[in-house]
Amino acid sequence: MATGVPSYKVILHGEYGVGKSSIFRRFMNNTFTTATGKKSTIGLDQSTRTYTIDSQDVKLTLWDTGGMERMSFIGSSYYRGAHAALLCYSVNNRDSFTILSQYILDIVMNAEGAKIFLCGNMSDQVDSMSENDLRNAVTDSDLEQFTSQCEDVLSGVYRVSCKDGTGLQDMFEDMARFLHRNSMSKMTLRRDLVQPGSTPEREEANSEKRRCC
Amino acid sequence: MDETYDVIVMGTGLKECILSGMLSVSGKKVLHVDRNPYYGGESASLTPIDQVFEHFKKSVPENKYGRGREWNVDLIPKFLMANGQLVKLLIHTGVTRYLEFKSVDGSYVYKGGKIYKVPADEKEALATSLMGLFEKRRFKNFLQHVQDYNVDDPKTYKGVEPNMVAKQVYEKYSLDANTQDFTGHALALFRNDEYMAKPCVDLIKRCRLYSDSLARYGKSPYLYPLYGLGELPQGFARLSAIYGGTYMLDKPVDEIVMEDGHVVGVKSQGETAKCGIVVCDPTYAPDRCKKVGQVVRAICILNHPIPNTKDGQSVQIIIPQNQVSRKDDIYVCMVSAAHNVCAKGYYLAIVATTVETSDPEAELQPGLELLGAIEEKFVSVVDLLEPIDDGTENKIFISMSYDATTHFETTCDDVLSLFKRITGEDFDFSKVQHTDTETVE
Ligand SMILES: Nc1nc2c(ncn2[C@@H]2O[C@H](COP(=O)(O)OP(=O)(O)OP(=O)(O)O)[C@@H](O)[C@H]2O)c(=O)[nH]1
Ligand SMILES: [Mg+2]
């Protein structure tokens with residue numbers, strides 16, 4: 001905020017185990033781990049990268065859920081001020097896909113005006129799937145039907161693999177570009193927010209005078 | 001649920017969430033449960049507005065009050081001192097990153113039936129009719145001394161020994177009764193006059209906190225988070241989760257399981273989670289608490305700012321007890337759409353005090369009268385509960401109910417004291433380390 005570089009908050013969302021923390025890790029330091037469950041999420045908070053869009057620096061901050069979606073509610077504060085949500089599902093898990101309309105409702109209710117991006121993860125798994133697995137996979141026509149239903153709600157649709165890294169860096173940059181161009185077309189700035197613990201510079205200089213009486 | 005934890009925390013009020021976060025950060029395995037399907041417990045912010053009416057068992061008016069989702073109504077409103085303990089906790093734990101704050105427009109004090117702005121700078125101090133010209137000079141000298149005072153350096157005492165009582169210090173500076181009221185209640189934020197007979201260091205410390213907080217943003221010493229106080233417990237809950245804490249909401253608690261006089265687990269819906277320590281608010285262990293008083297609060301919806309506050313969009317008014325012949329102060333807090341807690345054109349004012357009579361609502365009258373026309377009023381009288389023991393024997397650590405004060409200093413005192421009782425040591429802020437990374441492409 002202080003530096004004047006436009007900054008966009010993107011929250012990860014979706015069922016547990018679909019790879020949100022893996023996407024976060026690809027964003028943070030481009031790594032991958034096979035650890036599962038709570039362990040793979042601990043310590044992940046938020047991470048910021050700077051992209052150059054139309055020859056201007058912009059910041060993208062990605063937030064992980066903290067695993068709070070596992071057994072309870074993620075809480076309204078996670079959504080506050082989000083410019084976008086990256087809605088994740090696993091391409092080999094239909095349940096994680098069919099539940100997305102509920103998540104969209106959550107996002108629309110809690111983060112007004114946030115853009116929604118759709119991300120199918122684990123694309124590497126499709127080739128190695130058995131007949132049985134395939135029946136549980138999300139098909140192209142599933143996706144088509146869903147995206148046409150939510151056409152005006154979705155700002156981007158991606159397919160990635162955190163394991164082999166396919167599609168991820170392009171997706172992040174594409175989101176940054178979309179969000180930045182979108183905001184340039186309707187710039188709103190908030191100047192009255194204060195940072196607890198820090199004193200605005202202008203006021204530091206004459207803080208002696210500002211003391212009561 | 002059938003698992004073993006170091007600590008089970010019950011209730012997601014602010015105190016419990018701060019403790020949950022601090023304990024997770026300290027490496028403890030924490031399970032945090034709440035019987036309600038929302039965060040915040042007694043200190044939640046209710047949203048949408050329908051919930052407020054339902055909470056107070058009133059029928060929901062139709063097509064009034066704008067969009068319901070724009071409302072976040074604090075059940076226990078308080079402001080943060082910009083230099084206070086909660087802000088320190090927020091900064092050291094990194095929880096500030098989850099929240100946005102704005103400073104509060106103005107702080108007012110009640111004197112002889114009128115309200116006066118607490119001067120925020122020299123210009124306002126010169127102009128105020130709160131005190132006469134000579135009194136102003138004496139008061140200025142007092143404040144200057146407070147600012148320079150250092151308990152560790154006798155050279156700064158200048159005749160004010162640390163063991164002198166507050167009253168004697170006022171007398172030394174010849175401050176009159178009104179100025180004493182103003183200083184003790186609107187600056188030092190004492191709830192009653194008991195401090196007068198106590199060592200003056202506390203008074204000096206509190207006046208310093210006020211002026212240091214004021215120096216930060218200039219308008220008033222107070223901050224308030226956008227979207228209401230309910231954001232605070234959520235921020236600390238996220239901290240706890242990021243350090244490995246497990247969250248379960250909407251989880252009824254049947255029983256605290258004891259063995260040999262200390263806690264061994266918590267039973268919920270037929271399952272038992274084992275633990276060596278329980279932390280909870282009084283509602284989860286009512287038989288282990290005693291009532292020490294009552295607080296009465298009236299949440300009022302207005303369609304105008306509070307009169308005589310220069311249309312302030314967020315204000316605090318303190319009514320010192322002496323001014324209305326009481327033992328405890330009456331507090332008024334008002335917030336508005338400027339802090340995203342209600343629809344545009346509306347204002348949320350809360351009047352609160354410690355109950356002294358059998359007609360608590362009537363005790364709020366001096367505060368309610370300042371508000372002008374009131375659209376809607378929700379009154380609650382709640383018991384102030386305190387644990388009967390300090391928890392070190394049975395390992396059940398219970399927080400105290402939230403008092404009537406409009407700031408978080410007493411809240412933090414309780415949290416830090418609980419942390420020390422639980423772990424045997426003071427909280428080590430250096431243990432907090434976030435994965436807050438920034439990469440430049
Ligand atoms: N084959 C394959 N496995 C993946 C991929 N992405 C994630 N995984 C694995 O899927 C598991 C779950 O991934 P996480 O990133 O922990 O999922 P999450 O959504 O953060 O889960 P929660 O935090 O528990 O809600 C881990 O074992 C990952 O290694 C992928 O693209 N391909
Ligand atoms: Mg995760």
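Computation of the quantities below employed the complete heavy-atom set of this structure, encompassing side-chain atoms and omitting hydrogens, waters and symmetry-equivalent molecules. Order of the sequence lines sets the chain letters (A, B, ...), proteins ahead of strands, with each chain counted from 1. Computed from a prediction, not measured in an experiment: that's the story for all the values here.
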Problem set entry | Proximity breakdown for A/Asp64 and chain B, heavy-atom pairs closer than 4.5 Å |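 The answer is the backbone of A/Asp64.
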
Exercise. Quick one: what part of A/Ser76 sits under 4.5 Å from any heavy atom of chain B, side chain, backbone, both or neither?
Worked result: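 For A/Ser76, heavy atoms of backbone and side chain both lie under 4.5 Å from chain B.
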
Exercise. If you count heavy-atom pairs under 4.5 Å between each of B/Ala82, B/Pro37, B/Ser103 and chain A, which one has the most?
Worked result: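 Looking at each option in turn, the highest pair count goes to B/Pro37.
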
Exercise. Given B/Glu100 and A/Arg80, is the salt bridge (Lys or Arg N to Asp or Glu O under 4.0 Å) satisfied, shown in steps?
Worked result: CA-CA 9 Å; B/Glu100 291 181 307; A/Arg80 299 284 185 220; over 6 Å; no

Identify the two heavy atoms, one from [X] and one from [Y], that lie closest to each other, and give their separation to 0.1 Å.
{"X": "A/Pro196", "Y": "B/Tyr217", "answer": "CA-OH, 3.4 Å"}
{"X": "B/Gln234", "Y": "A/Tyr78", "answer": "OE1-N, 4.5 Å"}
{"X": "B/Glu231", "Y": "A/Ser77", "answer": "OE1-CB, 3.0 Å"}

Could you tell me which portion of [X] (side chain, backbone, both or neither) has an atom closer than 4.5 angstrom to a non-hydrogen atom of chain A?
{"X": "B/Asn83", "result": "neither"}
{"X": "B/Ala338", "result": "neither"}
{"X": "B/Arg67", "result": "side chain"}
{"X": "B/Leu90", "result": "neither"}

Problem set entry | Approximate separation, where rounding is to 0.5 Å, of B/Ile242 CD1 and A/Ile42 CD1 |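 Rounded to the nearest 0.5 Å, the CD1-CD1 separation comes to 10.5 Å.
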
Exercise. Could you state the interatomic distance from OH (A/Tyr79) to OH (B/Tyr227), rounded to the nearest 0.5 Å?
Worked result: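 Reported to 0.5 Å precision, the distance equals 14.0 Å.
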
Exercise. Who are the side chain to side chain donor-acceptor pair (under 3.5 Å) partners of B/Arg69, not counting sequence neighbours?
Worked result: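 B/Arg69 satisfies side chain to side chain donor-acceptor pair (under 3.5 Å) with no residue once adjacent residues are dropped.
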
Exercise. Under the side chain to side chain donor-acceptor pair (under 3.5 Å) test, which residues partner B/Lys29, sequence neighbours left out?
Worked result: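 In terms of side chain to side chain donor-acceptor pair (under 3.5 Å), with neighbours along the sequence ignored, B/Lys29 is linked to B/Glu3.
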
Exercise. Any residues in residues 92-103 of chain A near chain B, with a heavy-atom distance under 4.5 Å, and which are they?
Worked result: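 So far as heavy atoms go, nothing in residues 92-103 of chain A approaches chain B to under 4.5 Å.
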
For this session: Name, in order of residue number, those residues of residues 116-124 of chain A that have a heavy atom at a distance of less than 4.5 Å from a heavy atom in chain B; otherwise write 'none'.
Result: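 Expected list: none.
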
Exercise. If you draw a 6.0 Å radius around CZ in A/Phe178, do more than 12 non-hydrogen atoms from other residues or ligands fall strictly inside?
Worked result: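 Yes, CZ of A/Phe178 has more than 12 neighbouring heavy atoms, counting only those of other groups under 6.0 Å.
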
Problem set entry | Residues, nucleotides or ligands: over 12 heavy atoms within 6.0 Å of A/Glu112 CD |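 Atom CD in A/Glu112 is not crowded, with 12 or fewer foreign heavy atoms closer than 6.0 Å.
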
Exercise. Quick one: does B/Arg238's side chain have a donor or acceptor within less than 3.5 Å of a partner on A/Asp45's backbone?
Worked result: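 Judged by distance alone, yes, a pair lies under 3.5 Å.
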
